[in-house]
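Written out below as structure tokens is the structure these notes cover.
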Amino acid sequence: MTKRAPLANWLNDTNDVVAVFLAAGQIPDLINLAGGLPAPDAWPVDQISELAGRVVRDYPTETLTYSPVPGLPYLRDILAARYSTENSPLTRDNVLITTGGAQGLDLIGKVLLEPGALIAAQSPAYLGALDAWRPRTPRYNPMKLETEGFDPKAAMTGAQFAYTVPNFSNPSGRLVPVAQRQQLIDAARDTGAWLVEDDPYGKLFYDGEALPSMLEMCGDGSPYAGPVIYLGTVSKELAPGLRIGWIIAAPEMIKALATAKQGSDMFSSGLCQMVAAKAFEEGVADTALPGILDLYRARRDALCAAMDEHLSDLMTWEKPSGGMFVWAKMKNPAISTDALMKAGLDQGVCISPSSVFDPEGTDQSSLRINFTLNTPEKLTEGVRRLAATIRQMA
Ligand code: PMP
């Protein structure tokens, strides 16, 4: 009898912890600080609903039949114009529409990773990216970008690509400064590694001005063909249910990724692409943004105030200037955050432990707290419950 191939590459070492926190959503009265969900109050429900009806009526072919693999030219042109700068002029050939940013990560893995390939990844790293690439059994060089004097060149040597979330990383909430963005671009040029800039949080700046993207920084005035593969999404500015994301990259990279997409889902929903296109064109996304920023800024402030009051003797953290997360480190290294996550469920609070953001799955030192989903009152109560759990464990 022929032996069946092993499933090992598809099994997630962190399955246990991930399964626990996914199941936690079913626990009544639980305060979920673990997820990365936007607030439902932030969605422009009436506008999206009106747009959805209108685009089906006005564009039945684009919305209801099969679409071109790389995306509707209408939306690709809008995105090319939105991201074009004098230094980095873009055309639709630089744009691939994806089914959320999540599919962008998956396609990058399919196109760029041979089994066992090396990735230089900002550490800690986004769980969804680790999951997308796990079947290729990649090796990782961690990039601790916050370490004083860190030079990405060594980590990127021999790597297929470097993976970063420069604006308010998931999970660390960290903003990569402009000088370090330039170092990453220089290292990509020197080493020949691609530079994946995953940017779902790029609009969510609560304090200060937005920083230039690496995509924008590496243009030289000629049609864009640089090392940056940029990923965007409507998930945080409009609504994740639309499942519309995009990749902006050199035209030959877009062609390769489109070939991979063809074998994956053929095309992203034309209906959702047209809703996104009109939402950009008619300013729905831009109009909704100030309200989203006000809502999230207040929630971040409420979370950090509660943490200052209840957790400052137990953890260290930095208040993020944007995004959706606070990353906190336990002062007592004897308390593992995997154990804390499980113990917290009995107290009615759920956090994400650092092990799931570690390619090795071993880091037990830290945790991620989301502040966008819950009201200030719930955030404060969640922090109280978390502090009580830690004190019981000490
Ligand atoms: N990258 C990062 C860093 C994220 O945090 C997320 C969403 N949690 C994604 C990509 C994927 O987002 P989506 O598929 O909703 O566009």
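Sequential numbering from 1 along the given sequence is applied to the chain's residues. Ligands are counted one by one from 1 in listed order, and the atoms in each one are counted from 1 as well.
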> Any N or O of L105 that comes nearer than 3.5 Å to an N or O of ligand 1?
Replying inline: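 The answer is no, given that L105 and ligand 1 share no N or O pair closer than 3.5 Å.
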>> Polar contacts were defined as any N/O atom of the residue lying under 3.5 Å from an N/O atom of the ligand; does this apply to A102 and ligand 1?
In response: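 Yes; the residue has a nitrogen or oxygen that sits under 3.5 Å from a nitrogen or oxygen of the ligand.
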Do the side-chain N and O atoms of [X] and [Y] include a donor-acceptor pair separated by under 3.5 angstrom?
| X | Y | answer |
| --- | --- | --- |
| Q47 | E282 | no |
| T99 | S268 | yes |
| Q364 | S336 | yes |
| W133 | Y163 | no |

Taking [atom] as the reference point, the nearest protein heavy atom with its distance:
| atom | answer |
| --- | --- |
| atom 7 (C) of ligand 1 | K236 NZ, 3.3 Å |
| atom 1 (N) of ligand 1 | D198 OD2, 2.6 Å |
| atom 14 (O) of ligand 1 | R243 NH2, 2.7 Å |
| atom 6 (C) of ligand 1 | Y126 OH, 3.3 Å |

Within a distance under 4.0 Å of any heavy atom of [X], pick out the atoms of ligand 1 and give their elements.
| X | result |
| --- | --- |
| P200 | 1 (N), 2 (C), 3 (C), 4 (C) |
| G100 | 14 (O), 16 (O) |
| T233 | 13 (P), 16 (O) |
| N170 | 3 (C), 4 (C), 5 (O) |
| S235 | 13 (P), 15 (O), 16 (O) |
| Y201 | 4 (C), 5 (O), 8 (N) |

> So, D265 and R243, do they make that salt bridge, N to O below 4.0 Å?
Replying inline: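 Looking at R243 together with D265, the answer is no, because their closest N to O distance does not fall below 4.0 Å.
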>> Tell me if the centroids of the rings in W246 and F280 come within less than 6.0 Å of each other.
In response: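 Under 6.0 Å, so yes.
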>> Centroid separation under 6.0 Å, is that true for the rings of Y230 and Y83?
In response: yes
>> Looking at ligand 1, is there an atom of it that comes within less than 4.0 Å of some heavy atom belonging to M324?
In response: no
> When the ring planes of Y74 and Y59 are compared, do they come out parallel, tilted or perpendicular, using 30° and 60° as the limits?
Replying inline: tilted
> Hey, looking at atom 13 (P) of ligand 1, which of A129, G35, G101, G36 has the closest heavy atom?
Replying inline: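 Result: the heavy atom closest to atom 13 (P) of ligand 1 is in G101.
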> Hey, mind stepping through D301 and R297 against salt bridge (Lys or Arg N to Asp or Glu O under 4.0 Å) and telling me if it holds?
Replying inline: CA-CA 6 Å; D301 290 345; R297 186 186 299 106; over 6 Å; no
